[in-house]
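Scroll down for the structure; my scribbles are underneath it.
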Amino acid sequence: MNIKQLLTDKTLAAFSVLGLPEGTNPAVTQSTRPEFGEYQINGAMAAAKLLKTNPRQLAEQLLSTLELTDIADKVTIAGPGFINVSLNVNWLARQLAQAAEDPRLGVSINQQPQTVVVDYSAPNLAKEMHVGHLRSTIIGDAVVRTLEFWGDNVIRQNHMGDWGTQFGMLIAHLEDKLSEGVDLEHVALADLEDFYREAKKRFDDETGFADKSRQYVVKLQSGDSHCQKLWQLFIDTSIKHSAEVYQKLNVTLKHTDIKPESAYNSMLNGIVADLKQQKLAVQSMGALVVFLTELADKEGNPSPFIVQKTGGGFLYSTTDLAACQYRSHDLAADRVIIFTDARQGLHFKQVELVARKAGYLRDNTAYDHCPFGTMMGEDGTPFKTRAGGTVKLIDLLDEAIVRAKSVVQEKATDLNEAEIADVANKVGIGAVKFADLSKNRTSDYIFSWDAMLSFEGATAPYLQYAYTRVRSILRRAQLVENFSADIVIGSAPEKLLAVKLLRFEETLHTVIKDAQPNLLCNYLYELASLYMSFYEACPILKENVEPELRDSRLMLSILASRILQQGLDLLGIDVMERM
RNA sequence: GCGCCCGUAGCUCAGCUGGAUAGAGCAACGCCCUUCUAAGGCGUGGGUCAUAGGUUCGAAUCCUAUCGGGCGCACCA
C-alpha cells in the first residue's frame with residue numbers, strides 16, 4: 001500500500017476531469033502538522049499560477065471533483081489553496097488488515113523488474129580494509145537488499161582493486177623477503193598492513209626500489225607466471241581478510257560477487273584500440289588521452305582523460321570503461337549504481353561521457369555514481385589515528401562489540417553468557433551501521449567513536465529495543481498460530497502508529513530512487529518512536545482492557561514488529577528476542 | 001585559477017518535486033518504574049537556516065554574488 005501514490009492518482013484523475021494540462025504536478029506530500037491531517041495536496045496552487053486563476057477557487061473545484069469516499073474522513077481547504085486530507089480510521093484498519101495477511105507486509109512487488117548492477121565496497125587488496133571502506137560497503141549493501149526486496153534483478157559487483165601499481169611494490173618486497181628465507185604464510189603475509197607499510201617505505205626511500213616495482217607491475221600485467229603466483233598470494237590473503245569483515249559486518253557480499261579490476265584486463269587493449277579507431281583518443285605528451293570539451297574550463301581547454309599511460313600501461317580509467325561495456329552490454333544492465341567517495345566524482349563524470357560517446361554504455365543504461373563524503377576526524381581534518389595511521393575496519397568492529405558487551409552486561413539481567421555475546425554482537429555492529437547509514441551528507445562525514453558507539457537516542461539499539469519490547473508482549477500474549485483480529489483505531493497514538501505502518505512502501509521507493517538508506521533509517525526510528533509512545537499510552541495485556549481492544553492492539557504490535565524486523569533487515573541489522 | 005560538494009539549535013544531523021508556526025537525537029533542567037523490558041516515556045529551554053541581493057502568492061529549498069570549510073583538476077585508485 002502506497003497512500004501517497006493512491007492520492008496522487010486520485011488527484012490526477014480529478015485534474016483530468018477539470019481539464020488541467022497533462023503533467024500538472026499534484027504535489028501530494030505528507031502533512032507538515034497534525035492539524036493538517038495526514039496528507040496534503042498542494043498542486044492546486046501551482047496549477048492556478050500556471051493558468052493564472054484564483055488558487056483558492058481551483059482548490060474548491062478540485063475538492064468537489066476528488067473522489068475520496070471511504071479513504072478520507074475530512075478533506076478541507078486551507079490558506080491560499082492547500083487541500084488537507086484526514087484519513088478515515090476504518091479505511092486505515094482495512095489496509096492494515098491486508099498488510100497483516102501479506103508476507104510482504106503490504107508492499108507491492110515490482111511489476112517491471114530491472115537489471116541493476118551495484119558496484120560497492122571495492123577495497124584495495126594491497127591493504128586491509130579500513131574505516132574508509134565502511135560507507136561504500138554498508139550503504140551499497142542496504143541499497144542492494146532494498147532493490148531485491150522490491151523485486152529488481154540485482155547483480156552485486158565487488159570491484160576490488162587487485163591490479164594497481166602498488167602490487168609491483170608488494171611483489172618486489174616479497175621477493176626480497178623470500179630470498180632472505182622468510183616463512184611466507186606466517187610472517188610475510190600475517191599482517192598485510194605492516195607489510196604494505198614496509199614496502200611503501202622502501203618505495204619512497206630506497207633508491208632503485210621504485211623502478212624495480214614498476215618493472216614488476218609490467219611483468220605482472222603482461223602475464224609473467226612467477227609474478228602472478230606471488231600476486232595470487234596477496235590476493236588470496238586479502239580476500240580472506242575481507243570475507244572476515246563482511247561476515248562480521250553482516251554484509252551479503254560473497255566470493256562470487258568479486259569482479260576485480262584484473263577481470264577486465266583482457267578487454268583493455270581492445271578498448272584502447274577502439275577509442276583510437278573512433279578518433280576519440282589521441283596521443284598527447286606520450287600518453288593516450290580523450291579530451292572532453294564538455295568539461296572544458298573557461299578558456300576552452302578541454303578536460304583530459306588518460307586511457308593509456310606513457311609506456312603502454314593501463315589505468316583505472318581504462319578498467320572503468322571496460323566495466324561499462326561489460327555491465328551495459330554483456331549483463332544488459334538497466335541501471336548501474338556505483339558507491340565511491342565523492343573525490344572520484346570528476347572521474348566518473350568523465351567515464352560516463354566517454355563511455356556514452358564510444359557506445360560502451362547503451363542509452364537505456366542509467367549510470368548513477370552515488371558519492372559520499374570523505375571521513376573526517378572530530379577536529380574536522382581528514383581522519384587518522386592518534387599515531388597518524390588508518391584505523392582497520394576489523395578493529396573498529398571488534399571495539400564496537402566490546403563496548404556493546406559492557407553495556408549489555410550492565411543492563412540485561414536475565415541473559416546467559418551465550419545470549420549476552422549474541423546481543424553484544426548484534427547491538428555493536430548494528431550501532432556502527434545505523435550511525436553511518438542514517439546520515440545523508442555527501443560532504444564531510446565526521447567520525448566519532450562516542451557518537452558511533454553511543455547506545456542511546458536515534459541508534460540501532462533503540463530500534464532493537466523497541467523490537468524486543470513488542471516481542472515480549474507477543475510472547476506473554478501466548479498467541480495462537482495465525483492469530484488474527486479486527487483492528488480498531490480509537491486513539492491518537494494508535495492512528496499515528498497505523499499511518500506510519502502504512503508508509504513503509506512509500507519509504508522504500510524513495511530509498512530506491514535516490515539510493516539513500518538514511519530515509520529508511522529515519523522512517524524506522526520514527527516508527528519505533530511512535531510504537532514506544534503507543535506502548536506507554538495504550539495498555540494491551542493489563543487488567544481491564546476489553547478483549548477486542550487488546551486483540552486490535554496486538555495486531556498493531558505484530559505489524560510493528562514485522563516491519564521493524566523487515567526494515568532493519570534491509571539495512572543489514574539484526575534483531576533479537578530479548579536484550 | 002577552474003570545477004564539484006557543503007554551511008540549519010552548544011554538538012551530531014533530518015528537512016522528500018519550492019508550501020502553512022524549520023524538526024529529531026545528544027548535552028542541560030523538571031516529572032514518570034508495587035502495573036506489558038526505564039537501552040524507555042512525558043515536558044521545558046535553546047534558531048538572523050553563513051551573508052547580501054533576486055525570482056513569487058510563498059524560499060532552508062531555485063538563481064546571482066560574497067565569506068567560510070572540504071575535495072578534485074595528466075600518466076595513483
Side-chain angles (χ1 to χ4, degrees), chain A residues 4 25 27 29-33 36 40 42 45-46 48-49 55 78-82 122 124 126 161 163-166 261 284-289 295-299 301 303-311 313 315-317 319-320 340-347 349 371 373-374 376 380-382 407-408 410-414 427 435 438-444 446 448 450-451 454-459 461-462 464-466 468-477 506 510 513-514 516 518-519 521-522 525-526 529 532-533 535-537 539-543 545 557 578-579:
Chain A
K4 182 175 164 178
N25 185 359
T29 67
Q30 295 177 13
S31 294
T32 50
R33 308 175 66 77
F36 302 150
Q40 54 187 65
N42 299 334
M45 290 176 287
K49 188 186 207 167
F82 296 99
N124 179 352
W163 208 233
T165 315
Q166 311 101 315
E261 291 178 328
S284 169
M285 297 166 73
L288 194 67
V289 182
L295 299 173
D297 63 20
K298 281 193 174 154
E299 280 96 57
N301 304 309
S303 165
F305 183 66
I306 298 177
V307 294
Q308 190 170 27
K309 297 194 276 191
T310 303
L315 334 80
Y316 78 140
S317 57
T319 307
D320 281 334
T340 76
D341 70 281
R343 287 177 292 191
Q344 299 186 49
L346 176 61
H347 167 73
K349 202 181 276 184
T374 309
M376 298 298 190
T381 65
V407 177
V408 174
E410 180 192 324
K411 307 260 184 191
T413 49
D414 55 349
V427 165
S438 59
K439 288 177 181 60
N440 176 40
R441 295 277 163 202
T442 52
S443 62
D444 308 3
I446 298 198
S448 153
D450 287 343
S454 151
F455 303 124
E456 282 174 12
T459 62
Y462 177 89
Q464 291 165 323
Y465 179 64
T468 61
R469 276 184 136 184
V470 192
R471 294 298 301 169
S472 174
I473 286 185
L474 298 180
R475 268 196 309 277
R476 279 168 175 270
E506 216 170 295
T510 61
K513 186 171 137 288
D514 304 322
Q516 290 187 335
N518 69 303
L519 300 168
C521 293
N522 292 347
Y525 176 71
E526 285 163 10
S529 180
M532 292 286 202
S533 301
Y535 178 98
E536 303 278 346
I540 301 172
L541 302 179
K542 296 183 182 179
E543 282 175 39
V545 179
S557 295
R578 290 169 228 270
M579 67 187 279

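Keep in mind that the numbers below use all heavy atoms, side chains included, and drop hydrogens, waters and symmetry copies. Lettering of chains follows the sequences in order, A, B, ..., and the numbering in each one begins at 1.
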P atoms of B:rC6 and B:rA14, separation to the nearest Å: 11 Å
Glycosidic class, syn or anti, of B:rC16 using a 90° window around 0: anti
Rounded distance (Å) that lies between atom P of B:rU8 and atom CG of A:Asn440: 14 Å
Over all atoms of both residues, closest heavy-atom pair of A:Met579 and A:Ala412: C-CB, 4.0 Å
Nucleotide B:rU35, atom P - distance to CD1 of A:Ile540 in whole Å: 17 Å
Length of the line joining A:Asn522:CG and B:rC13:P, which is rounded to integer Å: 14 Å
Whole-Å C1' distance, B:rG15 and B:rA24: 10 Å
Residue-phosphate contact under 4.0 Å: A:Arg33 side-chain N/O, B:rG23 OP1/OP2: yes
Between C1' of B:rG72 and CG of A:Leu346, the distance in whole Å: 7 Å
Touch class at under 4.0 angstrom, heavy-atom based, for A:Ala48 against every strand present: nothing
Shortest side-chain distance from A:Lys4, nucleotide among B:rC36, B:rG41, B:rU17: B:rU17
OP1 or OP2 of B:rG41 under 4.0 Å from side-chain N/O of A:Tyr462: yes
Pairwise C1' distance for B:rC13 and B:rG19, with rounding to whole Å: 23 Å
Watson-Crick or G-U wobble mate for B:rU37, both contacts under 3.5 Å: none
Counterpart base for B:rC42, defined by Watson-Crick or G-U wobble contacts under 3.5 Å: B:rG30
Stacking check A:Phe36 vs B:rA20 (5.5 Å / 30 deg): yes
Base B:rU37 paired with A:Arg578 side chain (donor-acceptor, <3.5 Å): no
Of the listed nucleotides B:rC75, B:rC71, B:rG40, the one nearest the side chain of A:Tyr465: B:rG40
Touch class at under 4.0 angstrom, heavy-atom based, for A:Ile473 against every strand present: base
Short side-chain N/O contact from A:Lys309 to OP1 or OP2 of B:rC76, under 4.0 Å: yes
Parallel, tilted or perpendicular: ring planes of A:His347 versus A:Phe305, cut at 30 and 60 degrees: tilted
Euclidean distance, A:Arg469 CZ relative to A:Ser557 OG, rounded to 0.5 Å: 11.5 Å
Spacing of the C1' atoms in B:rG18 and B:rC4 (rounded, Å): 24 Å
Strand partner of B:rC57, provided both Watson-Crick or wobble distances fall under 3.5 Å: B:rG19
Under 5.5 Å and under 30°: A:Tyr525 stacked on B:rA24: no
5' precedence on RNA chain B between A:Lys349 and A:Phe455 (nearest-nucleotide basis): A:Lys349
Touch class at under 4.0 angstrom, heavy-atom based, for A:Val427 against every strand present: nothing
Side chain of A:Asn518 - closest among B:rG40, B:rA14, B:rC75: B:rA14
Nearest-nucleotide pick for A:Arg469, side chain only, options being B:rA39, B:rG15, B:rG40: B:rG40
Closest-nucleotide ordering on RNA chain B, the 5'-leading residue of A:Thr459 and A:Pro80: A:Pro80
Nearest-0.5 Å distance, CZ of residue A:Arg578 to OG1 of residue A:Thr468: 10.0 Å
Side chain of A:Tyr316 - closest among B:rG19, B:rC57, B:rA77: B:rA77
Separation of the P atoms in B:rC63 and B:rG45, to the nearest angstrom: 36 Å
Donor-acceptor pair present, A:Thr165 side chain and B:rC76 base, under 3.5 Å: no
Backbone N/O of A:Met45 and side chain of A:Lys49: donor-acceptor pair under 3.5 Å: no
Spacing of the C1' atoms in B:rC62 and B:rG25 (rounded, Å): 30 Å
Any donor-acceptor N/O pair, A:Ser438 side chain to A:Cys521 backbone, under 3.5 Å: no
Which nucleotide in B:rU12, B:rG19, B:rU37 has an atom nearest any side-chain atom of A:Lys439: B:rU12
A:Thr29 side-chain proximity, nearest of B:rC57, B:rU17, B:rG23: B:rU17
Spatial distance of atom CG (A:Asp320) from atom CD (A:Glu261) [nearest 0.5 Å]: 7.5 Å
Interatomic distance, A:Glu526 CD vs B:rG41 C1' [rounded to whole Å]: 17 Å
Given B:rC4, B:rA74, B:rA38, the nucleotide with the shortest approach to the side chain of A:Pro304: B:rA74
A:Asn42 vs B:rG18: side-chain N/O to OP1/OP2 distance below 4.0 Å: no
Sugar-phosphate only, base, or nothing, as touched by A:Thr319 at under 4.0 Å among non-hydrogen atoms: nothing
From CG (A:Asn42) to OG1 (A:Thr29), nearest 0.5 Å: 4.5 Å
Strand partner of B:rG7, provided both Watson-Crick or wobble distances fall under 3.5 Å: B:rC67
Spacing of the P atoms in B:rU12 and B:rC36 (rounded, Å): 39 Å
Nearest-Å distance once atom C1' is located in both B:rA52 and B:rG7: 16 Å
A:Asn25 side-chain proximity, nearest of B:rA14, B:rU17, B:rC73: B:rU17
Options B:rG41, B:rU37, B:rA74, nucleotide nearest the side-chain atoms of A:Arg476: B:rU37
Value in whole Å for how far the C1' atom of B:rA77 lies from CG of A:Asp320: 9 Å
Sugar-phosphate, base or nothing in reach of A:Gln40, heavy atoms under 4.0 Å: base
Quiz item: A:Thr340 side-chain donor-acceptor pair to B:rA77 base, under 3.5 Å: no
A:Glu536 CD to B:rA39 C1', straight-line distance once rounded to whole Å: 13 Å
Sugar-phosphate only, base, or nothing, as touched by A:Leu288 at under 4.0 Å among non-hydrogen atoms: nothing
Spacing of CG belonging to A:Leu474 relative to CD1 belonging to A:Ile540, to within rounding of 0.5 Å: 8.0 Å
Sugar-phosphate, base or nothing in reach of A:Pro539, heavy atoms under 4.0 Å: base
Spacing of A:Met532 atom CE relative to B:rC36 atom C1', expressed in whole Å: 13 Å
Touch class at under 4.0 angstrom, heavy-atom based, for A:Ser533 against every strand present: sugar-phosphate
A:Arg471 side, atom CZ; A:Gln464 side, atom CD - distance, nearest 0.5 Å: 14.5 Å
